[in-house]
Amino acid sequence: SLTGQITIPTGKISAAITLSASIDPLDENDEVVTVDIQSVVNGAKSTAALARTVTIMDDDDFPAVTLSVGASSIEENTGATTTPVTVRLSALSGRDVTVFLSKSGTATENTDYTLPTSITVSAGTFSSFVTLSAIGDPINEDLETAIFQISTVTNGTTSGPQQKIVSIINDDLPPTVTLSVDSTSINETGGIANVTATLSLVSGRKVTVTLSKQGTASDNTDYTLNGTITITQGNGSATVTLAATHDLLNEAEETVILDI
């Protein structure tokens, strides 16, 4: 505070008043007060008179920041596919407070979800939030996690990284499987047929197809064939080989009947 005038008594050549800083709890930038002569009664302003500046130094602590998340899990495609990520301050600040996030987890940013890298709480406000949003896809896959925490803070403090985890829940149906063979008859000597399992859609999980074997031919006597077909994550099909087993018997044609 500062009164608006200085009175120099008769017979004196100077007088003074006091400029006092007003205390507040806000952490803020240093501020400057500029004082100049506006007008003089019974005197004249010296041509050498210059404005004077006083800097008020801020001495308040940075506010502490708290990181929170609205929901610990979200859906990938339908239902609740977003959740707010919020920063709150322990006290109002006269500066913008920015919290920077680091991210990890089994979910991939910009493929499985989006989340801004920073959250800014504007000067004079207590909190701010950004949105974590799932990115939908048609792939049946395991539950994935988005892990994020505070890496650094400008104009604020944190007690630690305050790690948060949001699970992204898969809501896609498993793909259907079709079985096919590339040859419906093979020679007993050296004959082979490729047996292929094909998915209706690429899966984010390993798909294991178990085969049933019937017919007049005997497994491991008249032919060999692995009893399962494994389609690895991200692939649309896999193949195993049915191989005829040669023998010296003169016999009727035999059949192998395969099903899932």
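The analysis underlying the following values was restricted to heavy atoms, covering all of them including side chains, and did not include hydrogens, waters or symmetry mates. This structure is a prediction, so every number in the text was calculated from the model and none was measured.
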As an exercise, state the distance from [atom1] of [X] to [atom2] of [Y], rounded to the nearest 0.5 Å.
X    : Y    : atom1 : atom2 : result
I135 : N110 : CD1   : CG    : 6.0 Å
N155 : S93  : CG    : OG    : 6.0 Å
S102 : I147 : OG    : CD1   : 10.0 Å
T86  : I119 : OG1   : CD1   : 7.0 Å
E144 : T106 : CD    : OG1   : 5.5 Å
Y113 : K103 : OH    : NZ    : 6.0 Å

Looking only at heavy atoms, which two atoms of [X] and [Y] are closest? And how far apart?
X    : Y    : result
A193 : S183 : CB-O, 3.9 Å
D171 : T78  : OD2-N, 3.1 Å
S127 : V121 : N-CG1, 3.7 Å
E76  : A134 : O-CB, 3.8 Å
L132 : A146 : CD1-CB, 4.2 Å
T216 : D222 : O-OD2, 4.4 Å

For this session: Report yes or no: do L225 and I229 belong to one cluster of Ile/Leu/Val/Met/Phe/Trp/Tyr joined by side chain heavy-atom distances under 4.5 Å?
Result: yes
For this session: Take I74 and T82, measure what side-chain contact (heavy atoms from CB on, under 4.5 Å) needs, and give me the verdict at the end.
Result: CA-CA 6 Å; I74 57 176; T82 64; 5.9 Å; no
Exercise. With respect to T239, which candidate in T198, T196, V181, D182 satisfies the side-chain contact (heavy atoms from CB on, under 4.5 Å) definition?
Worked result: T196
For this session: Sort out for me which residue in L179, T228, D259, N226 forms a side-chain contact (heavy atoms from CB on, under 4.5 Å) with L211.
Result: L179
If we only count heavy atoms from C-beta on, is the [X] to [Y] side-chain gap below 4.5 Å?
X    : Y    : value
V65  : L89  : yes
T145 : I168 : no
L242 : I186 : yes
K164 : L67  : yes

Exercise. Between K213 and L258, is a side-chain contact (heavy atoms from CB on, under 4.5 Å) present by the stated rule, with each step listed?
Worked result: CA-CA 5 Å; K213 309 172 189 178; L258 303 176; 4.0 Å; yes
Problem set entry | Note: R205-D142 ion pair, threshold 4.0 Å (strictly below) | yes
Problem set entry | Residues T120 and T98: side-chain donor-acceptor under 3.5 angstrom | yes
Over 12 non-hydrogen atoms of neighbours within 6.0 angstrom of [atom1] in [X]:
X    : atom1 : answer
F62  : CZ    : yes
L173 : CG    : no
K45  : NZ    : yes

